[in-house]
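Residue numbering restarts at 1 for every chain, and letters A, B, ... go by the order of the sequence lines.
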Amino acid sequence: MLQIAHIRLHKEVVLQGLTKRNFKNAEATLKKLLLLDDQRKELQQKHDAVLAQSNQLAKQIGQLMSQGKKEEAEEVKSNTATLKAESKQLSESLKNTEEELTQLLYTVPNIPNPRVPAGNTDTDNQVLSTHGNIPDLPQGAKPHWELIEQYDIIDFELGTKITGAGFPVYKGKGAKLQRALVNFFLDQATEAGYHEVQPPILINQASGIGTGQLPDKEGQMYHATEDDFYLIPTAEVPITNMYRDLILKEDQLPVKHAGFTPCFRREAGSWGAHVRGLNRLHQFDKVEIVQIQHPDKSYEALEEMSAYIQSLLSKLELPYRVLLLCGGDLGFTSAITYDMEVFSAAQQKWLEVSSVSNFETYQANRLKLRYKDANKKNQLLHTLNGSALALPRIVAAILENNQTPEGIKIPKALVPYCGFEWIN
RNA sequence: GGAGAGGUGGCCGAGUGGUCGAAGGCGCUCGCUUGGAAAGCGAGUGUGCCCCACAAGGGUACCGGGGGUUCGAAUCCCUUCCUCUCCGCCA
């Protein structure tokens, strides 16, 4: 979440940023936030003063008691009742005001970086660059949902039987291709300097709040209510939360992690014809990269991450483009996001396979993730993450783009990982 | 799941109702010492919020989390989470 002190100091910038995002009632919300903060401060002052008084009296009583002056002590005691009542009332008001302020802050998204273009929907996103060659597919090229049936490598109906829609079963070479991609992505990440981790895929509430999934996207996560755990929608959540409540030393930076996990998304209300086959699933596999960076270096890191992700797509010989998301399409917690889209030749459509974002201090503020600067002052760090990569749409693109009459040709880089060159 | 023990500052560890944000040790930082280092000596060394200039200084809160008793709680009570030991179950 945003820092209230920052909002106070840069009200105009914040207002402009929220407007770029089409955030409703920005001005009124900011006004309300500042008002609540004023109230909070005033209550805090009053409360502290009352507590200071009663602390003093308590000390006095202690001294009198130890001197054996019992009656005098009793007399002082009788004066404490009003203070106690006052303190109780003030602390309740303070708590309520703080709670209201926090809840309101939770509803305010991150401020976009100045580079983020204005716009409302994905049609306003900027295409920064396009790479690779879109293949000329033969007449009768098939979309991946037909190819997976033809070669019997992914079975949706079987998954439906076991669980429900959106939980496919990968079979034979389909399963091996999954394993190959995960290993390929992890090896590449290690080579690029990311420290591999395997985190839990269930998280507690504090972690969900830390990275911003809660309370904003409560309904998008599967919730194991018996233990109050959530199934992760992305490895970003457990990996970033490893650093919750930490104060790092500058020489510990940057932190770079990569992790493979399954991801679970309820995708409530977003189903339809355009999300056939592998285009949208409730459970999918993904390798995620996460960086924790010094504020001065986070934008450098963003470019580095973007370049790294693009290198993966090049190695997989997939045609792709890089988008700069517009304000309206930007994720709630992100300050800037690049999307990488792969062209799926048979569907004749660009599929988002990766999203890399700089959250600046937005997550760090919730996480209380800081570093000690040269003046020994604690400062919020910047967090970034990106998919590197999400499997299903990569698989879809490989299947569709590499289809031939003889079968599906596995990209060279993956052959050592798969142990086969063709799916046929 | 059952029974028991315990959770204190970066780490170890003392503290069972009063002047305790917390002894002592280790670590770390700075200084002295040294040719340099070690040792030794000296000083410093938590976090949030509030006043204030994000300084100095001051107030307040924090001894796993939440709540309570009390004039006063690290210390007592309740609750919850976690760790350890034993038993049970088990990949």
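- Ion pairing of A:K249 with A:D373 is absent here, as no side-chain N (NZ or NE/NH1/NH2) approaches a carboxylate O to less than 4.0 Å.
- With ring centers used as reference points, A:Y371 lies under 6.0 Å from A:H294.
- A:R40 has no side-chain polar atom (N or O) that falls below the 4.0 Å cut-off from OP1 or OP2 of B:C49.
- Within 4.0 Å of A:L51, counting heavy atoms only, lie sugar-phosphate atoms of the nucleic acid but no base atom.
- A distance of about 6 Å separates the P atoms of B:A74 and B:C63, rounded to the whole Å.
- At the heavy-atom level, A:K95 lies under 4.0 Å from the strands shown only through sugar-phosphate atoms.
- Atom P of B:C30 sits at a distance of 24 Å from the matching atom of B:A23, rounded to the whole Å.
- Comparing B:G72 with B:U19, their C1' atoms are spaced 11 Å from each other, to the whole Å.
- Checking B:G1 for Watson-Crick or G-U wobble geometry (two distances, each under 3.5 Å) identifies B:C87 as its partner.
- One finds no side-chain N or O of A:R370 lying less than 4.0 angstrom from the OP1 or OP2 phosphate oxygen of B:U47.
- Residue contacts for A:Q45: at a heavy-atom cut-off of 4.0 Å it reaches the sugar-phosphate backbone alone, with no base atom in range.
- If you check B:U29, B:C49, B:U19 against the side chain of A:Q63, the one that comes closest is B:U19.
- Counting heavy atoms from C-beta on, the side chains of A:L313 and A:L389 come closer than 4.5 Å.
- Distance check on atom P: B:G31 versus B:C82 gives 46 Å, rounded to whole Å.
- Residue A:K368 is classed as having no contact, given no heavy-atom separation below 4.0 Å to the nucleic acid.
- Comparing B:G18, B:G72, B:G46 by their closest approach to the side chain of A:K84 singles out B:G72.
- Ranked by how close their nearest RNA chain B nucleotide is to the 5' end, A:N55 and A:K249 are led by A:K249.
- Of the candidate nucleotides B:U29, B:U19, B:G46, B:G46 has the atom nearest to the side chain of A:K372.
- Dashed line: the shortest gap from a side-chain N or O of A:N378 to OP1 or OP2 of B:U47 is under 4.0 Å.
- To the nearest whole angstrom, the two C1' atoms, one in B:G25 and one in B:G88, are 42 Å apart.
- Checked against the 6.0 Å centroid threshold, A:Y194 and A:H257 do not count as a close aromatic pair.
- Considering only side-chain atoms of A:I247, the nucleotide from B:C49, B:C71, B:U47 that sits closest is B:U47.
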Test side-chain contact (heavy atoms from CB on, under 4.5 Å) applied to A:N365 and A:L2, step by step: CA-CA 7 Å; A:N365 189 33; A:L2 298 177; 5.9 Å; no
Check the pair A:D285, A:C263 against side-chain contact (heavy atoms from CB on, under 4.5 Å), reporting the backbone distance first and the verdict last. CA-CA 6 Å; A:D285 291 328; A:C263 301; over 6 Å; no
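- The CD atom of A:Q44 sits 13 Å away from the C1' atom of B:C62 (whole-angstrom rounding).
- Across all strands shown, nothing is found opposite B:C20 as a Watson-Crick or G-U wobble partner with both distances under 3.5 Å.
- Of the residues near RNA chain B, A:L9 and A:A49, the one whose nearest nucleotide (by heavy atom distance) lies more toward the 5' end is A:L9.
- In this structure, of B:U19, B:G72, B:U47, it is B:G72 that holds the atom nearest to the side chain of A:A58.
- Taking the side chain of A:K41 as heavy atoms from C-beta on, and the options B:C50, B:G48, B:C54, the nearest nucleotide is B:C50.
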